[in-house]
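Structure first, then comments.
Note that the coordinates shown come from a computational prediction; the quantities given were computed from them, not determined experimentally. Counting convention: from 1, in listed order, for ligands and their atoms alike. Residues take their numbers from the sequence shown, with the count starting at 1.
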Amino acid sequence: MNLAHCLEALEEAIAAGTSLGIDTAEAAAVRQTARERARFPGDTYVLALVGGTGVGKSTLLNALAGEEISAASARRPTTSEPVAWIPFGKRGELAELLAWLGVKSQREHPAQGLGNVAILDLPDVDSIAAEHRAKVDAVLPRVDAVAWVVDPEKYSDDVAHAGYLRMWAPRIARQIIVLNRADLLSAADATRVRDDLRARLGREGVAGATVVLTRARDGAAGVEDLRQWLATEVDAKRVVTDRLGAAAGDAGREIARRAGIAAGAVAPLVDAARRERAMNDVARATLAIVDIRGLEKQAVAATRLAARPRGAGPLGHLTSAIYRLAGRARVSADPAGYLRRWRTRGALAPAIEPLRELLQSALPSVPAALRGRVAELSAPATVERRLAEAIDRTVGIESAEFRVPTSGVWSVIGFGQWVVTAVLIFAAIWFGSLFVLHQPATGSFEVPILGPVPSPVVLLAGALLAGYLMALLLRLHAGWLGRRWARRIGALVTRDVDTRAREAILAPLDQLDAARQQLARAAKALEECA
Ligand SMILES: Nc1nc2c(ncn2[C@@H]2O[C@H](COP(=O)(O)OP(=O)(O)O)[C@@H](O)[C@H]2O)c(=O)[nH]1
Ligand SMILES: [Mg+2]
C-alpha cells in the first residue's frame, strides 16, 4: 500500500462524490487528519485503550506499567482526560503529536520490552458525561492503533452499541480486542464467551482480530499476552501509514457505497442505445419547431428579393420599394428573423417528452443517493430552459452569418432590362409620332399569317418579349442561387441545433456518468488501501 496513492484516490473519490451531490464531509475530515498526522514524523505509534465505562482500561494501563499511571476507580467516571504513557526519552519528540492529540498528561515507560508505542488511556465511550465521549470522538480519528477493551458483563452491549467499533475498526490497521475482568468467568465460560465475542466481532466486520483475556486487577493474569502483542516487532511508521491508508480506503469506499457504485467499471445510468433513440426524437421535434423548410423558403424569397433591384431594371426598383414599405419583405423574405422567431412556432414541452420519459423510466434503477440529481435533470422546466437556450445560441450565431447571395449575372440582366425599357420608350415615341406626322415613313416586316407588320409594332413586341424572358431568367437564376444557399444554411442550422440540443440535454447526464466512473476508479484504487 502506498499512502500517497491512497490519499490521491481519496481525493478523487471526494471530488466525484461532491459532483454527485453526496455528503463527503466525513471523507474530507479523514483526508485532513491524514495530512496532519503525516506531518509528525518519528518512529512511535499511538495506541488508544478504548472501551465502555468501568471495563478496566485505566487498571490495565497501570498493570502494564507496574505502577499507577492513570487513576482507576470503582467510582464512575474516573478518567476524564486522556493520559499518555510514552516510551522513555521520547517526550520531546512526541510533544507536538501529543498536543495534536489533545493529551496534556503523560508519563514515560522504559523503552525496552514494549516497543515504540505510546499508549493513551481515554475516557469512556459510553460515559454519562457527554464531554468525555466528545473527547474520545476527537481523539479516535487521530490515533494509529486501538486496543478495544470490553468486559464479560457488557461486551455484547459494548460490541453492538459500539457504533464505535463498526465505524472505526475498518479504519484501523493495528488493533486488538481485550476481554478484561476475565476473572469473573469460570474457565468454561471464558472459552464460551471468547468464542461468542469472536463471532460477534465477525458480524461487526472485525473478523480475525486478536482477542486476549485479561485480569488487570490483583495479579494481572493475561496482561502478559497483551504486553507480548504490544512488544511484537512492528515498524511504527508502517503502523501509521497503514492506519491512514485504511482510513482513506474506508472513507473513499463509503462514498462509492453511498453512490451505489462498485469498484471498477460502472454501466452508464441510462442505456446508450435507448438514450440515442430518445435524443433523436427530441432533435427531430426540436427541428420541426425551428422549421428548416420554412427557413429555406424564406432564404429563397430573400434571394429573389435581393435580385430584383439589381436585375429587374427600373420597374424592379419600384416593386422592391413597395415590398419593403408594405413590410412583406420583412415577413416573408427574412430567414434570420424567421429563425429568431422560432418560439412563435410551438412549445418545446412535447419535444422533450421522450427524454423525460427515458429518465423517469431509468429512475428506479438509479442508486437512491443519485435519484435527486437525475430527477433534477428530467424536470421539464430545466430541460426546456436548457434546450431553449441552446436553440437561441444556435440561432444567434448562425443568423449573424447569413449573407444573402448575389451575382454579377443580375447586373447584366438589369442592364438588359434598362435597354428594354429604353427600346419601349423609343417604340412609344415612334407610335406617338405616327399620330402627329401626316406622312410617316414606316417600314414593315413580312410575318407569316399576319402579313406585313409595321416596324414599331415589331420593335415593341420584341422588347416586351425580351423583357419577359430576362425577368424569367432573373427569377430562375435567383431561385437557383437562393435554393442552393437555403440548403446550405438549412443543413448548418440543422446540424447546430442537433449538436447543441444534445449537448445541452445530455451534458449533465454525461457529467453524472463521468463522476460515477471516476468514483468507481477511485474505489478500485482504494481496494489496495485496506
Ligand atoms: N474483577 C476485576 N475488576 C477489575 C479488573 N480490572 C479493573 N477492575 C476494576 O474495575 C473498576 C473500574 O476500573 P477502571 O480501570 O477505572 O475502568 P475504566 O473506566 O475502564 O478506566 C475498578 O474498580 C477496577 O479495580 C479486573 O480484571 N477484574
Ligand atoms: Mg479509566
Worksheet item: Looking only at N/O atoms, are Lys57 and ligand 1 under 3.5 Å apart anywhere?
Response: yes

Discussion item. Between Asp496 and Thr394, is there a side-chain donor-acceptor contact under 3.5 Å, judged purely by atom types and distance?
Written reply: no

Discussion item. Does Asp23 form a side-chain contact (heavy atoms from CB on, under 4.5 Å) with Ile255? I'd like the steps, not just the answer.
Written reply: CA-CA 8 Å; Asp23 181 9; Ile255 297 177; over 6 Å; no

Item to complete: Answer yes if the side chains of Trp100 and Glu36 hold a donor-acceptor pair under 3.5 Å, and no otherwise.
Response: yes

Item to complete: List the steps, then state whether side-chain contact (heavy atoms from CB on, under 4.5 Å) holds for Leu512 with Leu377.
Response: CA-CA 10 Å; Leu512 266 191; Leu377 289 185; 3.9 Å; yes

Discussion item. At under 4.0 Å between heavy atoms, is it the side chain or the backbone of Val55 that contacts ligand 1, or both, or neither?
Written reply: both

Fill in: Of the listed options Arg217, His132, Arg181, closest to atom 10 (O) of ligand 1 (non-hydrogen atoms)
Arg181

Worksheet item: If we only count N/O pairs under 3.5 Å, is Arg215 in contact with ligand 1?
Response: no

Item to complete: Is it possible for you to check whether Arg171 lies under 6.0 Å from the centre of the six-membered ring of Trp168, through NZ or CZ, and within 45° of that ring's axis?
Response: yes

Discussion item. Are any of the N/O atoms on Ala216, whether in the backbone or the side chain, positioned under 3.5 angstrom from an N/O atom of ligand 1?
Written reply: yes

Worksheet item: Of all the heavy atoms in Gly51, does at least one lie under 4.0 Å from an atom in ligand 1?
Response: no

Worksheet item: For ligand 1, which atoms sit closer than 4.0 Å to a heavy atom of Asp183?
Response: 1 (N), 2 (C), 26 (C), 27 (O), 28 (N)

Worksheet item: So is Ala71 polar-close to ligand 1, meaning N/O to N/O under 3.5 Å?
Response: no

Worksheet item: Has Thr53 got an N, O or S atom lying less than 2.8 Å from the Mg ion (ligand 2)?
Response: no

Worksheet item: Can you find an N/O atom of Gly56 closer than 3.5 Å to an N/O atom of ligand 1?
Response: yes

Worksheet item: Based purely on interatomic distance, does Thr214 place a nitrogen or oxygen under 3.5 Å from a nitrogen or oxygen of ligand 1?
Response: no

Worksheet item: Heavy atom under 4.0 Å from ligand 1: found in Asp121's side chain, backbone, both, or neither?
Response: neither

